[in-house]
Amino acid sequence: MGQNLFFFLTNKKQTSFLYDNLSLRDGMWLMREHGYTCVPVVSPDGEYKGAVTEGDFLYYLTDHPDTDLDNVFIRQILRPEFIQAVPFNVSMADLLATSLEQNFVPVVDDRNIFIGIVTRKNILAYLMHDKNVKDRTSK
């Protein structure tokens with residue numbers, strides 16, 4: 001695999017993400033609108049903060065049934081160490097290893113600013129295409 005991370009990257013402009021200062025109500029609405037079950041979370045200045053899942057919202061609401069959805073913010077329900085980001089200059093071996101553990105891998109620059117994601121789907125599609133090309137040329 002002679003590619004680098006940018007070959008697989010879906011840039012920030014093409015990625016759904018939430019800001020950490022959104023209320024739970026707004027976050028849940030956007031998650032439903034976009035149809036994803038897990039999305040990256042960034043600060044208003046673009047710093048990667050983590051990721052949030054539908055389950056994070058549900059568990060928080062189950063544990064705090066009297067929650068005012070407009071006065072609790074996404075940053076309050078983030079789990080530490082969940083969906084770790086990699087730097088833009090990560091080795092392909094480390095990127096692949098991380099993608100085995102996560103459906104998507106957030107990518108950050110040297111200031112921890114979110115620049116996009118690499119999905120497991122993009123990696124697998126490349127590998128399948130590469131294998132098909134090699135199979136056809138070796139016959």
Side-chain angles (χ1 to χ4, degrees):
M1 176 182 278
Q3 302 298 331
N4 66 32
L5 173 140
F6 291 102
F7 182 78
F8 302 104
L9 185 72
T10 302
N11 71 40
K12 181 180 181 178
K13 289 182 179 182
Q14 299 171 310
T15 303
S16 293
F17 61 90
L18 300 175
Y19 289 105
D20 68 347
N21 63 351
L22 287 175
S23 69
L24 290 190
R25 181 181 311 281
D26 291 339
M28 287 188 299
W29 185 86
L30 287 168
M31 291 269 301
R32 184 176 183 185
E33 181 79 11
H34 293 294
Y36 293 112
T37 58
C38 183
V39 295
V41 176
V42 300
S43 69
D45 62 354
E47 184 178 351
Y48 180 73
K49 294 297 185 177
V52 67
T53 68
E54 291 174 319
D56 293 327
F57 289 102
L58 293 171
Y59 291 133
Y60 187 86
L61 293 173
T62 299
D63 293 343
H64 306 89
D66 297 325
T67 295
D68 177 352
L69 296 177
D70 295 313
N71 288 315
V72 176
F73 302 95
I74 290 176
R75 69 176 150 271
Q76 295 171 255
I77 68 170
L78 290 175
R79 291 179 279 154
E81 308 302 317
F82 178 66
I83 306 288
Q84 293 296 296
V86 298
F88 68 94
N89 58 356
V90 68
S91 71
M92 286 307 295
D94 287 342
L95 177 63
L96 291 174
T98 303
S99 75
L100 291 174
E101 305 298 322
Q102 304 173 179
N103 288 334
F104 67 90
V105 181
V107 180
V108 296
D109 68 10
D110 55 359
R111 297 172 299 143
N112 200 41
I113 301 298
F114 177 68
I115 62 174
I117 63 172
V118 173
T119 63
R120 189 183 303 159
K121 179 180 178 179
N122 284 354
I123 293 170
L124 290 173
Y126 171 80
L127 292 173
M128 287 177 59
H129 179 278
D130 190 49
K131 181 188 178 315
N132 291 339
V133 169
K134 286 178 184 173
D135 287 347
R136 285 193 301 260
T137 58
S138 66
K139 291 181 181 179

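Side-chain atoms are counted along with the backbone in the values below, which use heavy atoms only and exclude waters and symmetry mates.
The two residues Asn21 and Pro44 come nearest to each other via the heavy atoms ND2-CG, 3.3 Å. Contact detail for Ala51 and Asp56: the closest heavy-atom pair is O-OD2, 4.1 Å. Residues Leu78 and Gly50 come closest through the heavy atom pair CD2-C, 4.5 Å. The shortest non-hydrogen separation linking Gly27 to Ile74 is CA-CD1, 3.7 Å.
Put simply, Phe6 and Ile113 are part of two different groups of oily side chains (I, L, V, M, F, W, Y) that touch within less than 4.5 Å, one to the next. Linking ILVMFWY side-chain heavy atoms closer than 4.5 Å, directly or via other members, places Leu69 and Ile77 in a single hydrophobic cluster. Linking ILVMFWY side-chain heavy atoms closer than 4.5 Å, directly or via other members, places Leu9 and Ile83 in two distinct hydrophobic clusters. No chain of hydrophobic side-chain contacts below 4.5 Å, direct or via other Ile, Leu, Val, Met, Phe, Trp or Tyr residues, connects Tyr59 to Val72.
Side chain of Asn112 to backbone of Tyr48: a donor-acceptor contact under 3.5 angstrom is found. Judged by distance alone, the side chain of Tyr60 and the main-chain N or O of Thr62 form no donor-acceptor pair under 3.5 Å. Within the 3.5 Å criterion, the main-chain N or O of Ser99 finds a donor-acceptor partner in the side chain of Arg120. For the pair Asn122 (side chain) and Phe8 (backbone), a donor-acceptor distance under 3.5 Å is present.
Counting heavy atoms from C-beta outward, Val42 and Tyr19 have side chains that approach closer than 4.5 Å. Counting heavy atoms from C-beta on, the side chains of Val86 and Val118 never come closer than 4.5 Å. Between Val52 and Val39 the shortest side-chain heavy-atom distance falls below 4.5 Å. Between Phe82 and Thr53, some side-chain heavy-atom pair lies under the 4.5 Å cut-off.
In this structure, CD1 in Ile117 is found 11.0 Å from CD in Gln102, a value given to the nearest 0.5 Å. The line from CD1 of Ile115 to CG of Asp109 is 6.0 Å long, rounded to the nearest 0.5 Å. With values rounded to the nearest 0.5 angstrom, Thr10 atom OG1 is found 14.5 Å from Lys12 atom NZ. Interatomic distance, CG of Leu61 versus CE of Met28, reported as 5.0 Å (0.5 Å rounding). One distance of note links CG of Leu18 with NZ of Lys49; it measures 15.0 Å at 0.5 Å rounding. Interatomic distance, CG of Leu24 versus CZ of Phe57, reported as 6.0 Å (0.5 Å rounding).
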Scan the side chains in residues 29-38 for donor-acceptor partners under 3.5 Å anywhere in the protein, sequence neighbours excluded, and list what turns up.
{"residue": "His34", "atom": "ND1", "partner": "Ser16", "partner atom": "OG", "Å": "3.4"}

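Among pairs with a residue in residues 84-97, those fulfilling side chain to side chain donor-acceptor pair (under 3.5 Å) read Ser91-Asp94, at least two apart in sequence or across chains.
Heavy-atom neighbours of Glu101 CD from other residues, nucleotides or ligands within 6.0 Å: at or below the threshold of 12.
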